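In what follows, a structure is listed as structure tokens, so that the remarks can point back to it.
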Amino acid sequence: MKALILVGGFGTRLRPLTLSFPKPLVDFANKPMILHQIEALKEVGVTEVVLAINYRPEVMINFLKDFEDKLGITITCSQETEPLGTAGPLALARDKLADGSGQPFFVLNSDVISEYPFAELIKFHKCHGGEATIMVTKVDEPSKYGVVVMEEATGRVERFVEKPKIFVGNKINAGIYLLNPSVLDRIELRPTSIEKEVFPQIAADQQLYAMVLPGFWMDVGQPRDYITGLRLYLDSIRKKSAAKLATGAHVVGNVLVHESAKIGEGCLIGPDVAIGPGCVVEDGVRLSRCTVMRGVRIKKHACISNSIIGWHSTVGQWARIENMTILGEDVHVCDEVYSNGGVVLPHKEIKSSILKPEIVM
Amino acid sequence: MKALILVGGFGTRLRPLTLSVPKPLVDFGNKPMILHQIEALKEVGVTEVVLAINYQPEVMLNFLKDFESKLGIKITCSQETEPLGTAGPLALARDKLADGSGDPFFVLNSDVISEYPFAELIEFHRAHGGEATIMVTKVDEPSKYGVVVMEEGTGKVERFVEKPKAFVGNKINAGIYLLNPSVLGRIELKPTSIEKEVFPRVAADGALFAMVLPGFWMDIGQPRDYITGLRLYLDSLRKKAPARLASGAHVLGNVLVHETAVIGDGCLIGPDVAVGPGCVVEAGVRLSRCTVMRAARVKQHACVSSSIIGWHSTVGKWARVENMTILGEDVHVCDEIYSNGGVVLPHKEIKSSILKPEIVM
């Protein structure tokens, strides 16, 4: 089986992290986002993953070459020379996706974190016999989204309603699809939206089905949702692989600590924290609802909440970091500095407090 | 002869432009900053230029390979694996700078734009017979700088005074040096400041001389100074090579237009404007005190002043862009938008007006 991951463009919503790496290589729970997806695809028998990219393909390919060997899966790129929307990339990669086997292929949005219930999806797709399956997820405020209206019993999609003012349903496209090769014939090589153009056509032909995604789902394409997604992900780990989570008197709730990270005495870590490879958390540190990425040092007595600390950064002694502070790569917050929602571009030193949310360039 | 150009690090002061290319490759007067220096060095017989770099060396080298051929000058990199200050790089590049000829070598700060009077500098250096020569420039507010105190008659440097409260002189280091190879014997391979450590020692030995730089000088390492530097540079071109400046009823004052740029009817351009390669300035546009970089498009009736428009960007119809607005690469300002000092990171579309200076990420 094959899969296409829609990597897309510049990741501006996840800046300043995406100023250092393409978005799919940004770490989520101590692992590049895209690896979560590739590993899950491999588990259900996918042997080749095609990345639809239009920005810095060489960085992606170089990084993923290592994982091709480790995972035993072929990873190739299909590069857009200009953005092709969400369907155009399928046409561009046609020769890689349609191998004549007649097998369906996956298409994934690279910003999506979930439990990737791909085995259930394959089963559902085979069962209904239609041309395409999309996974959907329930949301609390459907009026903000494009809503998928479907027959409850069969999952057959009737139509899509964009930002409905009157309630028509509460399920939205979860960015995970399983498509028969025949779908490729419906797509031209031009900027095209799979959600607004292709799927409505398939639905009109009564060939589109929707499966409600079990477990959690989050589009982690911007920092606030990234932090929420981390909480959901760690909850899921708690249910499925609790042994991966940290334990001890210094731990509150769900905490993921990479084996190479060091945590000092008298810290209080959690809930909902991920500490990455090679991190050093010195004595007396308080961390909650945050991600600390590879190579970061948190000095003594610092207090961090609801924030993301980027690769190779430092948080000084007694510093206080909170309220969606995002430190880019190699950012150094001095001792006793307070950051209230500062968003800091890479390679900066923060010597004075940031009292209200602002961008530091 | 040889030269070392201190390229340095991340160029954070010149963001968002330096998020797309290393600082020395940012265009100034329609040419990468560093080319101004390399061309001037070649004119006085420099045959090899060494770049002291600690960030993205491959980008610099790839770009400059083309110019090595065109200019007939050898360009190599000396890469710092960690920042070595302003003197450490000389120690790192020792084997490239000291070729046994006994010839002095140039050292330049890459942010400096001037007339690069290198021939006069060589003559002055030979005349005084000392170990090192620094160029100095006069400033209006010496109390903000490190001031060079020198004998007026001979140029011999007596001492350096950092941010003097009482007047001791008005000349500061202009970031252009000509050094005998023996200076290398004074520098260890560690982070060292040439201004605060090495030169004071050379001065104490009575072997450091200062030459007042003729013509204009500007450190263009941040946007406001970049715009000021453009005015000074164009004034200098007016005196030295006026044929290179644009002329016509549509031109006010000093304007530099690349031969591949297209300017529409009814525009008013100037003073102090540079329009880069492949730019399109549509009919009825007003431009003053600004740089429009390669392949940018300024649409009909737009008004741009005191700003920098980055590569491949667009300014919409009737848009007004002013007060140190800096558009990064591939930024698109929609029609009728007003930007008052917006600083926009690359790959963004600006759909609503920016009423006060802010960073758009």
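Throughout, a chain's letter reflects where its sequence line sits, starting with A, and its residues are numbered from 1. Keep in mind that the numbers below use all heavy atoms, side chains included, and drop hydrogens, waters and symmetry copies. Keep in mind that what you see is a predicted model, and the values were worked out from it rather than measured.
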**Prompt:** About how many Å separate CE of A:Met361 and CG of B:Leu19, when rounded to the nearest 0.5 Å?
**Reply:** 7.5 Å
**Asked** So how far is it from A:Thr12 OG1 to B:His347 NE2, rounded to the nearest 0.5 Å?
**Response**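 Reported to 0.5 Å precision, the distance equals 9.5 Å.
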Evaluate whether atom [atom1] of [X] has more than 12 neighbouring non-hydrogen atoms of other residues, nucleotides or ligands under 6.0 angstrom away.
{"X": "B:Lys356", "atom1": "NZ", "result": "no"}
{"X": "B:Lys348", "atom1": "NZ", "result": "yes"}
{"X": "B:Lys165", "atom1": "NZ", "result": "no"}
{"X": "A:Lys165", "atom1": "NZ", "result": "no"}

**Complete:** Honestly, the part of A:Ile359 sitting under 4.5 Å from a heavy atom of chain B is both
